[in-house]
Amino acid sequence: MSDPNRRIRRLDARDPEFLTTLDALLAFEGSADARIDAAVTEILSAVRTTGDAAVIEYTRRFDRLDVKSMAGLELPKSELKAALDSLTVEQREALRIAADRVRIYHERQRAESWDYVEADGTRLGQKVTPLDRVGLYVPGGRASYPSSVLMNAVPAKVAGVGELIMVVPTPNGEKNPLVLAAAAITGVDRVFTIGGAQAVAALAYGTQTLPQVDKIVGPGNAYVAEAKRRVFGTVGIDMVAGPSEVLIISDGSGHSDWVAMDLFAQAEHDELAQSILLCTDPAFIDAVDASIERLLPMMPRHETIAASLANRGALIHVDSLEQACAIANRIAPEHLELSLDEPEPWIDRIRHAGAIFVGHWSVEALGDYCAGPNHVLPTMRSARFSSPLGVYDFQKRTSIIQISEAGAQTLGRVASTLAHGEGLQAHARSAEMRLHK
């Protein structure tokens, strides 16, 4: 990096102010600005009020598509199949292999219903049911990601979702054949070429043509994220994701070029992405810094990478791997790479991470596309309390309660006592009426 003002920062965990500096580096304000908030408010209200007409108007305005009706925005299954057929053999095979691996992994997550019967004949249980209808938002234009289709559609289908509706913007009519091919491979039921907050509103509220869904999943820009935040409660959402993150823990045993490129792989997403290295070996940190300097000019997205590393990246010297794991748990990263010769003993030291990549060969980029586990992961330290997207996000649980006559005698007295204690006499009397005289 020739510009001295664009260098990645160097930190030392022994510095008395280190934790304060680290927390400032991690801080990210994900709330929308006033302009985005006002635009989303207007769009949600318009779509909720006028349905198809508002969606068509916003699509004309923002994506420059001259359409007369929503029918002109829905893609037939034949077009998805044609997109798949148009791919090279290599592309088609890569999509199929990735989809198969994602499906095989997620099939192990499927929850099942269960129940048990107590001695007095009372039956208690849990009924697991797939969601009826899910909306999948897929970015369009420059940020077209067929991998997002795989990672969202496959677990939904494994869960047994009744209908999966995909929305994808096509600015100026530009359609990404890989995205449409991924929809064909995963069995997406309907595809509409709409995007932005108007697509989120259409999915959340329903229109004359597009039915209301139960949950909306998938990434998008700031307008999409704010719209998802606003419609939560009317429908479910997967998460409001922040910028992509990677944290690498190194003992200096790896290759500095590999580590530098893994940092680049997150930084190239956007200028707010975060790439951090924790390393016990100062000489290896120097080597990684040199690799960054040498390799960066070769990268097509070098300006974005340089800005990301300067804005939110860091190379941090730590005293020990124990200290590195403690810092990692404070960071709670989206992606964590254990770039160690003997990584297995350290896996259990990590409590908070979206995904852990174990060993020098487990590059995070493989997880983005084809390893099998989901690449939709918690960001902004939310790995402390949330999990990767999975089949469980497309299933819901219903409690089954079948009280026997004998059970009602015991439980009725318990409920009566507690209800009177809460001052809820009707609750108490409802239970008491089942008691034998």
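One is the number of the first residue; the rest follow in order along the sequence.
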Kindly compute the distance separating [atom1] ([X]) from [atom2] ([Y]), expressed to the nearest 0.5 Å.
| X | Y | atom1 | atom2 | answer |
| --- | --- | --- | --- | --- |
| Trp258 | Ser291 | CH2 | OG | 12.5 Å |
| Trp114 | Lys127 | CH2 | NZ | 14.5 Å |
| Ile249 | Ser339 | CD1 | OG | 10.0 Å |
| Ile327 | Glu322 | CD1 | CD | 12.0 Å |
| Leu136 | Ile216 | CG | CD1 | 10.5 Å |
| Leu278 | Ile331 | CG | CD1 | 5.5 Å |

Compare all side-chain heavy atoms of [X] with those of [Y] and state whether any distance is below 4.5 angstrom.
| X | Y | result |
| --- | --- | --- |
| Phe394 | Val217 | yes |
| Lys157 | Thr186 | no |
| Phe192 | Met70 | yes |
| Phe28 | Arg312 | yes |
| Ile400 | Leu124 | no |
| Arg9 | Leu315 | no |
| Ile350 | Leu336 | yes |
| Pro333 | His352 | no |

Main-chain N/O of [Y] paired to [X] side chain as donor or acceptor, under 3.5 Å:
| X | Y | result |
| --- | --- | --- |
| Asp251 | Ser253 | yes |
| Arg190 | Ile165 | no |
| Asp214 | Arg133 | yes |
| Arg384 | Arg381 | yes |
| Arg351 | Asn329 | no |
| Gln323 | Asp319 | yes |
| Glu271 | Ala310 | no |
| Gln395 | Ala111 | yes |
| Ser256 | Val288 | no |
| Thr41 | Asp37 | yes |

**OP:** Please test Leu277 against Ile316 for side-chain contact (heavy atoms from CB on, under 4.5 Å), starting from the C-alpha separation and ending with a verdict.
**Re:** CA-CA 6 Å; Leu277 170 66; Ile316 303 173; over 6 Å; no
Looking only at heavy atoms, which two atoms of [X] and [Y] are closest? And how far apart?
| X | Y | result |
| --- | --- | --- |
| Ala183 | Leu80 | CB-CD1, 4.3 Å |
| Ala197 | Val224 | N-CG2, 4.5 Å |
| Ile292 | Ala260 | CG1-CB, 3.9 Å |
| Pro146 | Val179 | N-CG2, 3.9 Å |
| Val158 | Arg103 | CG2-CG, 4.1 Å |
| Ala202 | Ile194 | CB-CD1, 4.4 Å |

Original post:
Going through the checks in order, is the side-chain contact (heavy atoms from CB on, under 4.5 Å) test met by Asp289 and Arg294?
Top reply: CA-CA 9 Å; Asp289 207 0; Arg294 177 170 48 82; over 6 Å; no
**OP:** Measure up the His269 and Tyr145 rings against each other and bin them: parallel (under 30°), tilted (30 to 60°), perpendicular (over 60°).
**Re:**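 Taking Tyr145 first and then His269, their aromatic rings stand perpendicular (interplane angle over 60°).
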Original post:
Is a salt bridge present between Asp85 and Arg92, judged by a nitrogen-to-oxygen distance below 4.0 Å?
Top reply: no
Original post:
Going through the checks in order, is the side chain to side chain donor-acceptor pair (under 3.5 Å) test met by Asp341 and His360?
Top reply: CA-CA 7 Å; Asp341 263 350; His360 296 306; 3.3 Å; yes
**OP:** Apply the test salt bridge (Lys or Arg N to Asp or Glu O under 4.0 Å) to residues Asp115 and Arg123: give CA-CA distance (whole Å), side-chain angles for both, the deciding distance (0.1 Å), then the verdict.
**Re:** CA-CA 7 Å; Asp115 65 11; Arg123 181 171 70 98; 3.0 Å; yes
**OP:** Could you check Tyr116 against Gln126 for side chain to side chain donor-acceptor pair (under 3.5 Å), going step by step and ending with a plain yes or no?
**Re:** CA-CA 9 Å; Tyr116 63 92; Gln126 177 176 281; over 6 Å; no
Enclosure of [X] [atom1] (heavy-atom neighbours >12, cutoff 6.0 Å):
| X | atom1 | value |
| --- | --- | --- |
| Tyr392 | OH | yes |
| Arg397 | CZ | no |
| Gln208 | CD | yes |
| Phe232 | CZ | no |

Subject >> Asp12 vs Phe18, side-chain contact (heavy atoms from CB on, under 4.5 Å): CA-CA, chis, key distance, verdict >> reply: CA-CA 7 Å; Asp12 194 317; Phe18 170 71; over 6 Å; no
Original post:
Does the pair Glu93 and Arg96 meet the rule for a salt bridge (Lys or Arg N to Asp or Glu O under 4.0 Å), with working shown?
Top reply: CA-CA 5 Å; Glu93 186 66 8; Arg96 291 194 187 280; 5.5 Å; no
**OP:** For Asp238 and Lys215, run salt bridge (Lys or Arg N to Asp or Glu O under 4.0 Å): C-alpha distance rounded to whole Å, both residues' side-chain angles, the deciding distance at 0.1 Å, then the answer.
**Re:** CA-CA 8 Å; Asp238 49 354; Lys215 191 168 193 174; over 6 Å; no
Subject >> Gln402 vs Thr122, side chain to side chain donor-acceptor pair (under 3.5 Å): CA-CA, chis, key distance, verdict >> reply: CA-CA 6 Å; Gln402 183 176 359; Thr122 292; over 6 Å; no
Subject >> Residue pair Ser244 / Glu334, side-chain donor-acceptor N/O under 3.5 Å >> reply: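 Result is yes, a qualifying pair exists.
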**OP:** Please lay out, stage by stage, how Ser275 and Leu309 fare under the test side-chain contact (heavy atoms from CB on, under 4.5 Å).
**Re:** CA-CA 7 Å; Ser275 303; Leu309 295 180; 3.9 Å; yes
**OP:** Could you check Glu245 against Gln266 for side chain to side chain donor-acceptor pair (under 3.5 Å), going step by step and ending with a plain yes or no?
**Re:** CA-CA 6 Å; Glu245 308 157 357; Gln266 293 307 304; over 6 Å; no
